[in-house]
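Comments concern the structure below.
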Amino acid sequence: MSKSNHLFDAIFEPTKQSPDLFLINNNGKITYSEFHKTINQIANLLIQKGMKPGERVAVQAEKSNLQIALYAATLKAGGVYLPLNTGYTLSELEYFIEDSGAKIIVIDKKIEDQLLSSVDKSITILTLNSDESGSVMDYAKNQDIKFEAIERSPEDLAAILYTSGTTGKSKGAILSHKNLLSNTKVLKEYWKFTKNDVLLHMLPIYHTHGLFVATNLLAYIGGAMIFLPKFDIDQAIEWMSKATTMMGVPTFYTRLLSDQRFDKSLTNHMRLFISGSAPLLAETHKEFEDRTGKKILERYGMTETNMCTSNPYDEERIAGTVGLPLPGVELRIADDQGNEIKQGEIGIIELRGENVFKGYWQMPDKTNDSFRKDGFFITGDMAKIDHKGYVTIVGRDKDLIITGGLNVYPKEVETVIDQIESILESAVFGSPHKDFGEAVVAAIVRKNNSLSEIEVKKYLSDKLAKFKQPKKIIFIENLPRNAMGKVQKAELRKKYKSLFEG
Ligand code: AMP
């Protein structure tokens, strides 16, 4: 009887002989059958380098077709894939290597020498550069093009993803074969993906969005991906005519909308635009619909839980909401004790389902603190749910501002500020204040420089309760964002922590 590898067999195996295209970009085209040969060669290489089932392969490399083969090969050879943000510094990298205990590390040639001198000699270092050169393929091309998948059960680990937390030590979220596969199966049905789909892929692949949501799904259905290194407006516009779907973070959509070439004729043939990883402004949703006649489908998920809610495919897509819990996902809005609260009230999203991760790598206490006794995971996202079941996220619990003992949810204030015509976007946060504990502060990006602090305050004066109105307004050029488009509130809090001193 042949052995089974839960995730690999379901996602990649069916396309083994397929002549269909999998990856398309400026470097050419790769069919599934070519891709499988490379997977097998890399899997043989990993085994030759001593990788045992369950061992971690840490990868910090620029996005490339080969990196997807490396991911699939790690799974097939029974390993645990550990992709790392390309922005991490050498000292951060050393932390991830030590914390994860990875025995094989794949990095860009540029940092090989530095890393060689700092990591344990028992660790194998391979290189993979942005142009796909490097020792991974140099060694792999001489390997056998056949490889029998190593047995892995649904509960075995498939990946570790360090969370993009902006404060404290990064935690490795451990994801099982079952966590990933169950989510892919649900998304296929929910978003109606078929093998005729061609996804415009401009996301990073060290993150759950670009790697699992996009890549697992397209490989699972046997579709194709236009696999571009990153978001580039000219490339996006050029390639869109060949795609049927796109997954993006909100900044992709705002950048597309800021270009007049992006219009109805460019998008008429597109079946679906999906957004996630950060909040999509209702205004962007509307502007997109006005321009293209199509409604962006917004969904919500996180590294730890994969995708958990989504606006529906056929039914109403409501701007400003992240839609309904996906099939198989139990979602409740709870108070800080985990008790479900009344519908319509704001609380913390808690989740349970096959999609939810197994815990944090070697952090039993953190894992314990993150789950309720009944198995629900405490996301830290504050939200409310309407009578139809649609979820609206209002912020992160740590973003909550408590001023004079009263709670202010930044999202509520931002929504009102963003309605001002000459304002592009805003981020509201708390700054230490000796009378109020914290004071509400708004960082605002203007469309032009005409608006003053007094005018903004005057506009807000009859729209928000006094305690919610910003005590201080700061005009800035851009909001600080990470690679996934998330506004870095911790950075703003740090930079403006002394605003009310003295
Ligand atoms: P990450 O683990 O990097 O994917 O980040 C997950 C976090 O991103 C969630 O906990 C949310 O705070 C945020 N997030 C993801 N999708 C959305 C969305 N559609 N709207 C608002 N926030 C989102």
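What you see is a predicted model; the values in this text were computed from it and never measured. Read the numbers this way: they start at 1 and go in the same order the structure lists the ligands and their atoms.
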Test of proximity, Ser275 against ligand 1: N or O pairs below 3.5 Å = no

Options Ser310, Ala278, Gly395, ranked by nearest heavy atom to atom 23 (C) of ligand 1, top entry | Ala278

Going by the 4.0 angstrom heavy-atom rule, the piece of Ser277 near ligand 1 is backbone

Compute the shortest N/O to N/O distance between Tyr300 and ligand 1 and return yes if it is under 3.5 Å, no if not.
-> no

Give me the one residue out of Thr392, Thr309, Asp381 that meets side chain to side chain donor-acceptor pair (under 3.5 Å) with Tyr300.
-> Asp381

Within 4.0 Å of some non-hydrogen atom of Pro279, the atoms of ligand 1 are 20 (N), 21 (C), 22 (N)

Check each atom of ligand 1 against the heavy atoms of Arg396 and keep those under 4.0 Å away; list them by number with element.
-> 10 (O), 12 (O)

Can you tell me if Met484 has a non-hydrogen atom under 4.0 Å from ligand 1?
-> no

Atom of Val408, atom of Leu400 and distance for their closest heavy-atom approach = O-CD1, 3.6 Å

Polar contact flag for Thr208 and ligand 1 (N/O pairs, less than 3.5 Å) | no

If we number the atoms of ligand 1 from 1 as shown, the ones under 4.0 Å from a heavy atom of His207 are 1 (P), 3 (O), 4 (O)

Counting from 1, what ligand 1 atoms have a heavy atom of Lys486 closer than 4.0 Å?
-> 1 (P), 3 (O), 4 (O), 5 (O), 6 (C), 7 (C), 8 (O)

Asp381 to ligand 1: N or O pair under 3.5 Å?
-> yes

Does the Lys384 side chain pair with the main chain of Gly347, one donor and one acceptor, at a distance under 3.5 Å?
-> no

Which of the atoms of ligand 1 are close to Thr303, meaning less than 4.0 Å from one of its heavy atoms?
-> 1 (P), 2 (O), 3 (O), 4 (O)

Candidates Arg299, Met382, Glu304, Met302; heavy atom nearest atom 19 (N) of ligand 1 found on Arg299

Which bit of Val322 gets closer than 4.0 Å to ligand 1, counting heavy atoms only: side chain, backbone, both or neither?
-> side chain

Asn311 side chain to Glu298 backbone, donor-acceptor under 3.5 Å | yes

Is Ser426 reaching over with its side chain to a backbone N or O of Asp418, donor-acceptor style, under 3.5 angstrom?
-> no

Compute the centroid of each ring, for Tyr313 and then for Phe193, and state whether the two points are separated by less than 6.0 Å.
-> no

N/O to N/O below 3.5 Å, does that happen between Thr379 and ligand 1?
-> no

Does Lys463 make a cation-pi contact with Tyr459 (under 6.0 Å, within 45 degrees of the axis)?
-> yes

Region of His209 engaging ligand 1 - heavy atom pairs below 4.0 Å | neither

Only distances under 3.5 Å count here; give the side-chain donor-acceptor pairs of residues 324-332 to other protein atoms, sequence neighbours excluded, each with its distance to 0.1 Å.
unit_1: Glu330; atom_1: OE1; unit_2: Arg352; atom_2: NH2; d: 2.9
unit_1: Glu330; atom_1: OE2; unit_2: Arg352; atom_2: NE; d: 3.0
unit_1: Glu330; atom_1: OE2; unit_2: Arg352; atom_2: NH2; d: 3.4
unit_1: Arg332; atom_1: NE; unit_2: Glu350; atom_2: OE1; d: 2.9
unit_1: Arg332; atom_1: NH1; unit_2: Asp374; atom_2: OD2; d: 2.8
unit_1: Arg332; atom_1: NH2; unit_2: Glu350; atom_2: OE1; d: 2.9
unit_1: Arg332; atom_1: NH2; unit_2: Asp374; atom_2: OD1; d: 3.3
unit_1: Arg332; atom_1: NH2; unit_2: Asp374; atom_2: OD2; d: 3.3

For Glu189, all residues meeting salt bridge (Lys or Arg N to Asp or Glu O under 4.0 Å), sequence neighbours excluded | none

Of Pro250, Pro480, Ser277, which is the lone residue that meets side-chain contact (heavy atoms from CB on, under 4.5 Å) with Lys486?
-> Ser277

Should Tyr162 and Tyr206 be marked as a ring pair (Phe, Tyr, Trp, His ring centres under 6.0 Å) after you check the CA-CA gap, both sets of side-chain angles, and the distance that decides it?
-> CA-CA 9 Å; Tyr162 281 84; Tyr206 50 72; over 10 Å; no

Which of the numbered atoms in ligand 1 are below 4.0 angstrom from a heavy atom of Glu298?
-> 18 (C), 19 (N), 20 (N)

